[in-house]
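Data first, discussion second: the structure below is written as structure tokens.
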Amino acid sequence: MSSQIPPPGPTALEAAKAAIERIIMDPTYHDLFAIVKAARNGAVYGAKVRFPHALVIVFLFGSGTFRQKASHVYHATRTHAQNLARFAVTYKLVCYLLKHWGATPGKEGRYDTLLAGLVGGYAVFGGREKRSGKINSVSMQIVVYVFARVVLALARLAVKPAAAAEGLSEGFAGGLPFISRPDISEKISHYAWPVFAAASWGAVMHLFRYHPEELQSSLRNSMTYIYQQSDNWDGLRTLIWHNK
């Protein structure tokens, strides 16, 4: 009667992997590993967003050799990915510190996210380039993108009726007096967007005409291509098929 061969035990690699899995799934370390994953997600998202944008803008509208354009795309993608990863780490780390050693240890404070965002914004996006002393263009684009959406969100909150605010975060009881009344809020919500769109485009066209140097470079380049270079052609070829 032959004896059964015992199944092979886990290899050293499998045992190490299982031990790591137990650690990262332990709720005790959840907040710390959340910082690690925030860095990963920030870098990945930044690269995914910036690479196709930079590729199109640089190769279609930029000047220089292929190598120079490829280098610009690489540096823009790396900067965007690094900035989002650094901000994510800073934000999560400050939230972690405030949660465990803040005014109410073990509990998130009401303004922890605001303070963490302020620290991260200043540390990551508030600096200037060491060589030129200028604000990095990628950082500027990210901050302006965020600012525009903050303004829109605050405008919506300002006209949100108190009744619609039920169930929202603690301390929010509706929008500003008078304009948050349901009848007034409905009218503002209906007419605000066309006024906002008109004012935005009117302002940017006026700035482009008289103060183009103050506009962000990528916006200025695209507007130059559409509105200035469309005034010049030397025949059918450069009127329809090619710009120059």
Side-chain heavy atoms under 4.5 angstrom apart, residues restricted to Ile, Leu, Val, Met, Phe, Trp, Tyr: same cluster for [X] and [Y]?
{"X": "I23", "Y": "M25", "answer": "yes"}
{"X": "L152", "Y": "L157", "answer": "no"}
{"X": "F208", "Y": "I226", "answer": "yes"}
{"X": "M140", "Y": "M223", "answer": "no"}
{"X": "W101", "Y": "L32", "answer": "yes"}

To the nearest 0.5 Å, tell me how far [X] [atom1] sits from [Y] [atom2].
{"X": "S222", "Y": "I57", "atom1": "OG", "atom2": "CD1", "answer": "7.0 Å"}
{"X": "W201", "Y": "M205", "atom1": "CH2", "atom2": "CE", "answer": "7.0 Å"}
{"X": "D31", "Y": "L93", "atom1": "CG", "atom2": "CG", "answer": "11.0 Å"}
{"X": "E108", "Y": "R110", "atom1": "CD", "atom2": "CZ", "answer": "12.0 Å"}
{"X": "L219", "Y": "Q141", "atom1": "CG", "atom2": "CD", "answer": "9.5 Å"}
{"X": "T77", "Y": "L55", "atom1": "OG1", "atom2": "CG", "answer": "8.0 Å"}

> Between S185 and V159, is there a donor-acceptor pair closer than 3.5 Å when you use the side chain of the first and the backbone of the second?
Replying inline: yes
>> Between R40 and V36 (side chain of the first, backbone of the second, donor and acceptor by atom type, cut-off under 3.5 Å), is there such a pair?
In response: no
Considering non-hydrogen atoms only, spot the tightest contact between [X] and [Y] and give its length.
{"X": "D112", "Y": "K107", "result": "OD2-O, 4.5 Å"}
{"X": "P105", "Y": "H100", "result": "CB-O, 3.6 Å"}
{"X": "Y91", "Y": "A116", "result": "CD1-CB, 3.5 Å"}
{"X": "C95", "Y": "T113", "result": "SG-CA, 4.4 Å"}
{"X": "I135", "Y": "R128", "result": "CG1-NH1, 3.7 Å"}
{"X": "V89", "Y": "A39", "result": "CG2-CB, 3.3 Å"}

>> Do R220 and S217 have side chains that approach each other closer than 4.5 Å (heavy atoms only, starting at C-beta)?
In response: yes
Which residues pass the side-chain hydrogen bond (donor to acceptor under 3.5 Å, both in side chains) test with [X], not counting sequence neighbours?
{"X": "N41", "value": "none"}
{"X": "R86", "value": "none"}
{"X": "S200", "value": "none"}
{"X": "Q229", "value": "N243"}

>> If the condition is ring pair (Phe, Tyr, Trp, His ring centres under 6.0 Å), which residues does Y191 pass it with, not counting sequence neighbours?
In response: none
>> Tell me every residue that passes ring pair (Phe, Tyr, Trp, His ring centres under 6.0 Å) with F66, counting only those two or more places apart in sequence or in another chain.
In response: F59
>> If the condition is side-chain contact (heavy atoms from CB on, under 4.5 Å), which residues does R22 pass it with, not counting sequence neighbours?
In response: A18, A19
> Who else is in V151's hydrophobic cluster (ILVMFWY, side-chain heavy atoms under 4.5 Å, direct or via others)?
Replying inline: F147
>> Go through it in stages, so that I can follow the logic: the residues are L207 and E214, the test is side-chain contact (heavy atoms from CB on, under 4.5 Å), and I'd like the CA-CA distance, side-chain angles, deciding distance and then a yes or no.
In response: CA-CA 8 Å; L207 286 169; E214 303 302 335; 5.6 Å; no
> Got a sec, which residues hit salt bridge (Lys or Arg N to Asp or Glu O under 4.0 Å) with R50, two or more places apart in sequence or on another chain?
Replying inline: none
> Of all residues at least two apart in sequence or in a different chain, which pass the salt bridge (Lys or Arg N to Asp or Glu O under 4.0 Å) check with D26?
Replying inline: none
>> What verdict does the side-chain contact (heavy atoms from CB on, under 4.5 Å) test give for E21 and K17, after you've listed the backbone C-alpha separation in whole Å, the side-chain angles of each residue and the deciding distance to 0.1 Å?
In response: CA-CA 6 Å; E21 290 280 355; K17 182 181 178 182; 4.2 Å; yes
>> Between S137 and Q216, does the side-chain contact (heavy atoms from CB on, under 4.5 Å) criterion hold? Intermediate values first, please.
In response: CA-CA 8 Å; S137 60; Q216 204 276 332; 3.8 Å; yes
> Between F87 and F125, how do the two ring planes meet: parallel, tilted or perpendicular, split at 30° and 60°?
Replying inline: tilted
> Restricting to pairs with a member in residues 22-57, which pass ring pair (Phe, Tyr, Trp, His ring centres under 6.0 Å), not counting sequence neighbours?
Replying inline: none
> Any ring pair (Phe, Tyr, Trp, His ring centres under 6.0 Å) pairs touching residues 213-244, not counting sequence neighbours?
Replying inline: F61-Y225
